[in-house]
Protein chains: 2
Amino acid sequence: MRYKKPFSKMTEETKKLFISYNHVHQLCKEAADKIRKLDIDYIIAIGGGGFIPARILRTFLKEPGKPSKRIFAIILSLYEDANTVSTTVEEVGSKVKRIQWINYGDSGIDLINKKVLIIDEVDDTRTTLHYALNELQGDAQEQARRMGLKDSNTEFFIYVLHNKLKPKKADLPASIMDGKHYIASRDVPDCWIAYPWESNDIAYQQKMAEEQGNDI
Amino acid sequence: MRYKKPFSKMTEETKKLFISYNHVHQLCKEAADKIRKLDIDYIIAIGGGGFIPARILRTFLKEPGKPSKRIFAIILSLYEDANTVSTTVEEVGSKVKRIQWINYGDSGIDLINKKVLIIDEVDDTRTTLHYALNELQGDAQEQARRMGLKDSNTEFFIYVLHNKLKPKKADLPASIMDGKHYIASRDVPDCWIAYPWESNDIAYQQKMAEEQGNDI
(Lines give C-alpha, C1' and ligand atoms only; values in the text may rest on other atoms or scores of the structure.)
Protein backbone atom coordinates (compact mmCIF):
# COMPACT_ATOMS: atom_id res chain seq x y z
CA MET A 1 0.00 0.00 0.00
CA ARG A 2 1.14 3.56 -0.65
CA TYR A 3 0.52 6.71 1.31
CA LYS A 4 -1.91 8.99 -0.41
CA LYS A 5 -1.55 12.32 1.27
CA PRO A 6 1.85 12.97 2.74
CA PHE A 7 4.04 13.40 -0.30
CA SER A 8 2.14 16.35 -1.60
CA LYS A 9 2.72 17.93 1.78
CA MET A 10 6.43 17.24 1.95
CA THR A 11 8.09 20.57 1.43
CA GLU A 12 11.15 20.96 -0.74
CA GLU A 13 12.94 22.06 2.38
CA THR A 14 12.42 18.97 4.46
CA LYS A 15 11.69 16.14 2.01
CA LYS A 16 11.03 14.15 5.09
CA LEU A 17 8.21 11.82 5.87
CA PHE A 18 7.33 12.32 9.52
CA ILE A 19 5.94 9.31 11.33
CA SER A 20 4.37 9.35 14.79
CA TYR A 21 4.65 6.53 17.29
CA ASN A 22 0.93 5.93 17.18
CA HIS A 23 1.15 5.58 13.42
CA VAL A 24 3.88 2.95 13.78
CA HIS A 25 1.62 1.21 16.29
CA GLN A 26 -1.26 1.22 13.79
CA LEU A 27 0.94 -0.08 10.98
CA CYS A 28 1.96 -2.99 13.20
CA LYS A 29 -1.65 -3.64 14.13
CA GLU A 30 -2.67 -3.70 10.48
CA ALA A 31 0.25 -5.97 9.55
CA ALA A 32 -0.57 -8.33 12.40
CA ASP A 33 -3.83 -9.25 10.70
CA LYS A 34 -1.78 -10.75 7.86
CA ILE A 35 1.06 -12.07 9.98
CA ARG A 36 -1.19 -13.84 12.48
CA LYS A 37 -2.23 -16.27 9.76
CA LEU A 38 1.38 -17.24 9.10
CA ASP A 39 1.71 -18.91 12.51
CA ILE A 40 5.22 -17.64 13.13
CA ASP A 41 7.46 -19.43 15.65
CA TYR A 42 10.03 -16.70 16.25
CA ILE A 43 10.45 -13.02 15.64
CA ILE A 44 13.96 -11.83 14.85
CA ALA A 45 14.36 -8.09 15.22
CA ILE A 46 17.24 -6.42 13.42
CA GLY A 47 18.62 -3.85 15.83
CA GLY A 48 18.24 -1.08 16.55
CA GLY A 49 15.53 -0.18 13.97
CA GLY A 50 13.61 -3.40 14.25
CA PHE A 51 13.33 -3.36 18.06
CA ILE A 52 10.33 -1.09 18.29
CA PRO A 53 8.11 -2.57 15.55
CA ALA A 54 9.02 -6.07 16.78
CA ARG A 55 7.95 -5.29 20.34
CA ILE A 56 4.71 -3.70 19.18
CA LEU A 57 3.92 -6.49 16.75
CA ARG A 58 4.36 -9.02 19.53
CA THR A 59 1.41 -7.47 21.33
CA PHE A 60 -0.85 -7.99 18.35
CA LEU A 61 0.34 -11.54 17.73
CA LYS A 62 -0.32 -12.63 21.31
CA GLU A 63 -2.95 -15.32 21.50
CA PRO A 64 -4.94 -15.80 24.72
CA GLY A 65 -3.57 -18.62 26.84
CA LYS A 66 -0.37 -18.95 24.83
CA PRO A 67 3.01 -17.43 25.65
CA SER A 68 4.07 -14.34 23.70
CA LYS A 69 6.06 -14.91 20.55
CA ARG A 70 9.73 -14.98 21.37
CA ILE A 71 11.73 -12.04 20.03
CA PHE A 72 15.41 -12.45 19.29
CA ALA A 73 17.50 -9.43 18.48
CA ILE A 74 20.32 -9.54 15.99
CA ILE A 75 22.75 -6.80 15.10
CA LEU A 76 25.04 -6.80 12.09
CA SER A 77 28.02 -4.49 11.92
CA LEU A 78 27.35 -3.35 8.37
CA TYR A 79 24.46 -1.17 9.32
CA GLU A 80 25.46 0.65 12.46
CA ASP A 81 24.06 4.13 12.29
CA ALA A 82 20.45 5.19 12.55
CA ASN A 83 21.06 7.43 9.54
CA THR A 84 19.91 5.01 6.90
CA VAL A 85 19.97 7.47 4.05
CA SER A 86 23.74 7.91 4.04
CA THR A 87 24.42 4.19 4.21
CA THR A 88 25.63 3.07 0.82
CA VAL A 89 26.92 -0.30 -0.18
CA GLU A 90 30.34 1.25 -0.69
CA GLU A 91 30.49 2.11 3.00
CA VAL A 92 29.40 -1.35 3.92
CA GLY A 93 32.01 -4.08 4.12
CA SER A 94 31.18 -7.35 2.47
CA LYS A 95 32.24 -9.09 5.65
CA VAL A 96 29.36 -9.49 8.04
CA LYS A 97 30.20 -9.15 11.68
CA ARG A 98 27.66 -10.54 14.06
CA ILE A 99 27.58 -7.96 16.81
CA GLN A 100 24.66 -9.69 18.42
CA TRP A 101 23.18 -12.97 17.39
CA ILE A 102 20.85 -15.71 18.51
CA ASN A 103 22.20 -17.94 21.27
CA TYR A 104 21.21 -21.22 19.75
CA GLY A 105 23.21 -23.14 22.33
CA ASP A 106 22.13 -21.44 25.54
CA SER A 107 18.51 -20.96 24.62
CA GLY A 108 18.11 -24.45 23.21
CA ILE A 109 16.35 -23.21 20.12
CA ASP A 110 17.05 -23.97 16.50
CA LEU A 111 15.60 -22.98 13.16
CA ILE A 112 14.69 -26.50 11.99
CA ASN A 113 11.11 -26.63 10.69
CA LYS A 114 10.46 -23.14 12.05
CA LYS A 115 8.63 -20.15 10.65
CA VAL A 116 10.77 -17.12 11.31
CA LEU A 117 9.79 -13.50 10.86
CA ILE A 118 12.66 -11.05 10.37
CA ILE A 119 11.72 -7.45 11.23
CA ASP A 120 13.37 -4.16 10.42
CA GLU A 121 11.93 -0.66 10.31
CA VAL A 122 12.79 0.13 6.71
CA ASP A 123 13.89 -1.62 3.54
CA ASP A 124 16.17 1.05 2.14
CA THR A 125 18.98 -0.39 0.00
CA ARG A 126 17.97 -3.95 1.04
CA THR A 127 21.58 -4.64 2.06
CA THR A 128 20.87 -5.35 5.71
CA LEU A 129 17.92 -7.61 4.99
CA HIS A 130 19.96 -9.48 2.40
CA TYR A 131 22.81 -10.14 4.82
CA ALA A 132 20.57 -10.95 7.76
CA LEU A 133 18.57 -13.48 5.76
CA ASN A 134 21.72 -14.96 4.27
CA GLU A 135 23.31 -15.47 7.66
CA LEU A 136 20.18 -16.97 9.16
CA GLN A 137 19.72 -19.31 6.21
CA GLY A 138 23.32 -20.39 6.72
CA ASP A 139 22.62 -21.11 10.39
CA ALA A 140 19.57 -23.15 9.47
CA GLN A 141 21.51 -25.19 6.92
CA GLU A 142 24.31 -25.78 9.39
CA GLN A 143 21.82 -26.95 12.01
CA ALA A 144 20.22 -29.31 9.49
CA ARG A 145 23.63 -30.68 8.49
CA ARG A 146 24.51 -31.41 12.12
CA MET A 147 21.26 -33.27 12.60
CA GLY A 148 21.84 -35.28 9.44
CA LEU A 149 18.92 -33.63 7.67
CA LYS A 150 18.90 -32.75 4.00
CA ASP A 151 17.05 -29.48 4.51
CA SER A 152 16.29 -27.33 7.54
CA ASN A 153 12.80 -26.69 6.19
CA THR A 154 12.92 -23.21 7.72
CA GLU A 155 10.45 -20.71 6.29
CA PHE A 156 11.60 -17.12 6.49
CA PHE A 157 9.37 -14.08 6.29
CA ILE A 158 10.27 -10.41 6.31
CA TYR A 159 8.29 -7.51 7.74
CA VAL A 160 9.20 -3.85 7.43
CA LEU A 161 7.20 -0.74 8.21
CA HIS A 162 8.36 0.97 5.02
CA ASN A 163 9.80 -0.17 1.73
CA LYS A 164 11.50 2.54 -0.31
CA LEU A 165 10.72 2.27 -4.01
CA LYS A 166 14.21 2.70 -5.38
CA PRO A 167 16.92 0.60 -7.02
CA LYS A 168 18.12 -1.85 -4.40
CA LYS A 169 21.77 -2.66 -3.85
CA ALA A 170 21.16 -6.23 -2.80
CA ASP A 171 18.49 -8.78 -3.63
CA LEU A 172 16.21 -11.01 -1.68
CA PRO A 173 15.58 -14.48 -3.09
CA ALA A 174 12.49 -15.40 -5.07
CA SER A 175 11.34 -17.55 -2.16
CA ILE A 176 10.91 -14.31 -0.19
CA MET A 177 9.67 -12.03 -2.98
CA ASP A 178 6.84 -14.32 -3.97
CA GLY A 179 4.09 -12.08 -2.67
CA LYS A 180 3.67 -14.11 0.51
CA HIS A 181 6.93 -13.88 2.44
CA TYR A 182 7.74 -10.18 2.22
CA ILE A 183 5.41 -7.74 3.96
CA ALA A 184 5.89 -3.98 3.90
CA SER A 185 3.22 -1.89 5.59
CA ARG A 186 3.79 1.00 3.20
CA ASP A 187 5.69 1.52 -0.03
CA VAL A 188 7.22 4.99 -0.13
CA PRO A 189 9.28 6.98 -2.63
CA ASP A 190 12.98 7.39 -1.94
CA CYS A 191 12.69 10.01 0.80
CA TRP A 192 13.99 10.58 4.29
CA ILE A 193 11.76 8.78 6.77
CA ALA A 194 11.83 10.54 10.10
CA TYR A 195 10.95 7.90 12.69
CA PRO A 196 9.79 9.19 16.05
CA TRP A 197 12.50 7.37 18.03
CA GLU A 198 15.11 9.38 16.14
CA SER A 199 13.51 12.71 17.03
CA ASN A 200 15.09 15.23 19.33
CA ASP A 201 11.85 17.22 19.46
CA ILE A 202 8.84 14.98 19.79
CA ALA A 203 6.35 17.87 19.81
CA TYR A 204 7.61 19.01 16.39
CA GLN A 205 7.67 15.40 15.18
CA GLN A 206 4.06 14.96 16.25
CA LYS A 207 2.98 18.22 14.63
CA MET A 208 4.65 17.34 11.32
CA ALA A 209 3.25 13.80 11.36
CA GLU A 210 -0.22 15.24 11.93
CA GLU A 211 0.19 17.71 9.09
CA GLN A 212 1.22 14.89 6.79
CA GLY A 213 -1.58 12.64 8.02
CA ASN A 214 0.74 10.05 9.56
CA ASP A 215 -0.27 10.58 13.15
CA ILE A 216 -2.47 7.56 13.54
CA MET B 1 10.49 12.07 40.82
CA ARG B 2 6.82 11.24 41.32
CA TYR B 3 3.85 11.99 39.14
CA LYS B 4 1.68 14.69 40.57
CA LYS B 5 -1.55 14.44 38.69
CA PRO B 6 -2.40 11.01 37.41
CA PHE B 7 -3.18 9.10 40.55
CA SER B 8 -6.05 11.28 41.53
CA LYS B 9 -7.47 10.60 38.08
CA MET B 10 -7.09 6.87 38.19
CA THR B 11 -10.56 5.51 38.58
CA GLU B 12 -11.31 2.64 40.90
CA GLU B 13 -12.40 0.75 37.83
CA THR B 14 -9.14 0.86 35.93
CA LYS B 15 -6.41 1.51 38.51
CA LYS B 16 -4.20 1.83 35.50
CA LEU B 17 -1.60 4.40 34.72
CA PHE B 18 -1.82 5.08 31.00
CA ILE B 19 1.38 6.13 29.30
CA SER B 20 1.67 7.50 25.77
CA TYR B 21 4.60 6.85 23.46
CA ASN B 22 5.49 10.52 23.40
CA HIS B 23 5.61 10.50 27.18
CA VAL B 24 8.04 7.56 27.14
CA HIS B 25 10.08 9.52 24.63
CA GLN B 26 10.15 12.54 26.94
CA LEU B 27 11.13 10.43 29.95
CA CYS B 28 14.07 9.07 27.97
CA LYS B 29 15.05 12.57 26.88
CA GLU B 30 14.98 13.79 30.46
CA ALA B 31 16.96 10.78 31.70
CA ALA B 32 19.53 11.23 28.94
CA ASP B 33 20.61 14.52 30.52
CA LYS B 34 21.78 12.54 33.55
CA ILE B 35 22.99 9.48 31.68
CA ARG B 36 25.07 11.44 29.17
CA LYS B 37 27.41 12.45 31.98
CA LEU B 38 28.06 8.83 32.90
CA ASP B 39 29.89 8.18 29.61
CA ILE B 40 28.38 4.74 29.12
CA ASP B 41 30.12 2.21 26.86
CA TYR B 42 27.25 -0.18 26.24
CA ILE B 43 23.51 -0.29 26.64
CA ILE B 44 22.01 -3.63 27.56
CA ALA B 45 18.26 -3.80 26.99
CA ILE B 46 16.28 -6.41 28.84
CA GLY B 47 13.75 -7.75 26.36
CA GLY B 48 11.02 -7.20 25.45
CA GLY B 49 10.23 -4.26 27.81
CA GLY B 50 13.63 -2.63 27.62
CA PHE B 51 13.80 -2.59 23.82
CA ILE B 52 11.79 0.55 23.27
CA PRO B 53 13.29 2.83 25.97
CA ALA B 54 16.78 1.58 25.00
CA ARG B 55 16.29 2.47 21.34
CA ILE B 56 14.89 5.90 22.22
CA LEU B 57 17.59 6.64 24.76
CA ARG B 58 20.25 5.83 22.17
CA THR B 59 19.03 8.77 20.10
CA PHE B 60 19.55 11.17 22.97
CA LEU B 61 22.96 9.75 23.88
CA LYS B 62 24.29 10.11 20.33
CA GLU B 63 27.19 12.51 20.19
CA PRO B 64 28.02 14.24 16.90
CA GLY B 65 30.85 12.56 15.04
CA LYS B 66 30.80 9.48 17.25
CA PRO B 67 29.07 6.18 16.53
CA SER B 68 25.80 5.46 18.32
CA LYS B 69 26.01 3.63 21.60
CA ARG B 70 25.84 -0.05 21.02
CA ILE B 71 22.69 -1.76 22.29
CA PHE B 72 22.76 -5.40 23.25
CA ALA B 73 19.55 -7.21 24.00
CA ILE B 74 19.28 -9.89 26.64
CA ILE B 75 16.32 -12.04 27.51
CA LEU B 76 15.95 -14.13 30.64
CA SER B 77 13.42 -16.90 30.86
CA LEU B 78 12.13 -15.92 34.29
CA TYR B 79 10.23 -12.96 33.04
CA GLU B 80 8.54 -13.99 29.83
CA ASP B 81 5.18 -12.36 29.68
CA ALA B 82 4.43 -8.70 29.14
CA ASN B 83 1.94 -8.93 31.99
CA THR B 84 4.28 -7.80 34.73
CA VAL B 85 1.66 -7.51 37.42
CA SER B 86 0.89 -11.20 37.59
CA THR B 87 4.53 -12.22 37.71
CA THR B 88 5.35 -13.27 41.22
CA VAL B 89 8.56 -14.68 42.54
CA GLU B 90 6.77 -17.98 43.16
CA GLU B 91 6.08 -18.36 39.45
CA VAL B 92 9.67 -17.58 38.66
CA GLY B 93 12.21 -20.37 38.78
CA SER B 94 15.43 -19.65 40.60
CA LYS B 95 17.26 -21.04 37.60
CA VAL B 96 18.05 -18.36 35.09
CA LYS B 97 17.86 -19.40 31.49
CA ARG B 98 19.60 -17.12 29.05
CA ILE B 99 17.18 -17.04 26.15
CA GLN B 100 19.22 -14.36 24.49
CA TRP B 101 22.56 -13.06 25.63
CA ILE B 102 25.54 -11.03 24.55
CA ASN B 103 27.80 -12.72 22.00
CA TYR B 104 31.07 -11.87 23.67
CA GLY B 105 32.98 -14.18 21.33
CA ASP B 106 31.55 -13.18 17.96
CA SER B 107 31.28 -9.50 18.64
CA GLY B 108 34.72 -9.25 20.22
CA ILE B 109 33.43 -7.18 23.13
CA ASP B 110 33.94 -7.73 26.82
CA LEU B 111 32.88 -6.00 30.01
CA ILE B 112 36.38 -5.29 31.33
CA ASN B 113 36.72 -1.66 32.43
CA LYS B 114 33.36 -0.84 30.84
CA LYS B 115 30.46 1.29 31.94
CA VAL B 116 27.33 -0.65 31.22
CA LEU B 117 23.76 0.62 31.40
CA ILE B 118 21.07 -2.02 31.90
CA ILE B 119 17.62 -0.87 30.77
CA ASP B 120 14.16 -2.20 31.47
CA GLU B 121 10.79 -0.51 31.29
CA VAL B 122 9.72 -1.08 34.88
CA ASP B 123 11.20 -2.11 38.19
CA ASP B 124 8.28 -4.09 39.57
CA THR B 125 9.36 -6.88 41.95
CA ARG B 126 13.05 -6.21 41.08
CA THR B 127 13.52 -9.91 40.30
CA THR B 128 14.49 -9.47 36.66
CA LEU B 129 16.92 -6.67 37.35
CA HIS B 130 18.48 -8.68 40.16
CA TYR B 131 19.06 -11.71 37.96
CA ALA B 132 20.20 -9.73 34.94
CA LEU B 133 22.76 -7.81 36.99
CA ASN B 134 23.90 -10.96 38.73
CA GLU B 135 24.48 -12.80 35.48
CA LEU B 136 26.31 -9.87 33.89
CA GLN B 137 28.51 -9.41 36.96
CA GLY B 138 29.33 -13.11 36.72
CA ASP B 139 30.30 -12.69 33.06
CA ALA B 140 32.53 -9.74 33.92
CA GLN B 141 34.27 -11.68 36.71
CA GLU B 142 34.78 -14.65 34.43
CA GLN B 143 36.30 -12.41 31.75
CA ALA B 144 38.62 -10.85 34.33
CA ARG B 145 39.66 -14.28 35.58
CA ARG B 146 40.52 -15.45 32.06
CA MET B 147 42.65 -12.39 31.51
CA GLY B 148 44.42 -12.91 34.81
CA LEU B 149 42.92 -9.77 36.32
CA LYS B 150 41.84 -9.47 39.91
CA ASP B 151 38.76 -7.42 39.10
CA SER B 152 36.84 -6.66 35.91
CA ASN B 153 36.39 -3.07 37.01
CA THR B 154 33.00 -3.01 35.29
CA GLU B 155 30.64 -0.27 36.42
CA PHE B 156 26.98 -1.18 36.09
CA PHE B 157 24.12 1.29 35.97
CA ILE B 158 20.39 0.66 35.77
CA TYR B 159 17.75 2.76 34.06
CA VAL B 160 14.01 2.14 34.19
CA LEU B 161 11.11 4.32 33.12
CA HIS B 162 9.14 3.49 36.25
CA ASN B 163 9.97 2.17 39.68
CA LYS B 164 7.03 0.81 41.63
CA LEU B 165 7.14 1.79 45.28
CA LYS B 166 6.37 -1.57 46.84
CA PRO B 167 8.14 -4.32 48.75
CA LYS B 168 10.64 -5.85 46.36
CA LYS B 169 11.20 -9.58 46.07
CA ALA B 170 14.86 -9.31 45.20
CA ASP B 171 17.56 -6.80 46.03
CA LEU B 172 20.06 -4.80 44.10
CA PRO B 173 23.49 -4.35 45.68
CA ALA B 174 24.54 -1.24 47.53
CA SER B 175 26.93 -0.41 44.68
CA ILE B 176 23.85 0.13 42.51
CA MET B 177 21.53 1.69 45.09
CA ASP B 178 23.98 4.43 46.06
CA GLY B 179 22.03 7.24 44.44
CA LYS B 180 24.26 7.31 41.38
CA HIS B 181 23.88 3.97 39.65
CA TYR B 182 20.14 3.46 39.69
CA ILE B 183 17.98 5.85 37.69
CA ALA B 184 14.20 5.65 37.54
CA SER B 185 12.42 8.36 35.58
CA ARG B 186 9.36 8.17 37.81
CA ASP B 187 8.51 6.50 41.09
CA VAL B 188 4.95 5.24 41.07
CA PRO B 189 2.65 3.51 43.55
CA ASP B 190 1.98 -0.18 43.05
CA CYS B 191 -0.43 0.14 40.15
CA TRP B 192 -0.91 -1.34 36.70
CA ILE B 193 1.19 0.59 34.22
CA ALA B 194 -0.38 0.44 30.78
CA TYR B 195 2.46 0.95 28.33
CA PRO B 196 1.47 1.99 24.83
CA TRP B 197 3.19 -0.96 23.13
CA GLU B 198 0.86 -3.29 25.03
CA SER B 199 -2.25 -1.50 23.85
CA ASN B 200 -4.77 -3.02 21.48
CA ASP B 201 -6.47 0.33 21.05
CA ILE B 202 -3.99 3.15 20.68
CA ALA B 203 -6.67 5.85 20.35
CA TYR B 204 -8.10 4.89 23.75
CA GLN B 205 -4.58 4.62 25.19
CA GLN B 206 -3.78 8.13 23.94
CA LYS B 207 -7.04 9.53 25.29
CA MET B 208 -6.49 8.02 28.74
CA ALA B 209 -2.86 9.16 28.85
CA GLU B 210 -3.98 12.68 27.98
CA GLU B 211 -6.64 12.63 30.70
CA GLN B 212 -4.03 11.53 33.22
CA GLY B 213 -1.52 14.07 31.97
CA ASN B 214 0.96 11.46 30.71
CA ASP B 215 0.71 12.29 27.05
CA ILE B 216 3.92 14.25 26.73
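All values derive from a computational prediction rather than experimental measurement. Residue numbers begin at 1 in each chain, while the letters A, B, ... track the order of the sequences.
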For B/I216, which atoms come within 4.5 Å of any heavy atom of chain A: side chain, backbone, both, or neither? side chain
If we ignore hydrogens and angles and just use 3.5 Å, is the side chain of A/K29 paired with the main-chain N or O of B/N200 as donor and acceptor? yes
Looking at B/Y21 versus A/H23, is the centre-to-centre ring distance below 6.0 Å? no
Ranked by heavy-atom pairs below 4.5 Å to chain B, first place among A/I99, A/I56, A/L57 goes to A/I99
Within-4.5 Å side-chain heavy-atom neighbours: B/S20 and B/P196: no
Which bit of B/Q205 comes within less than 4.5 Å of chain A, counting heavy atoms only: side chain, backbone, both or neither? neither
Just jot down the side-chain contact (heavy atoms from CB on, under 4.5 Å) partners of B/Q143, sequence neighbours excluded, or say none. B/Y104, B/D110, B/L111, B/I112, B/D139
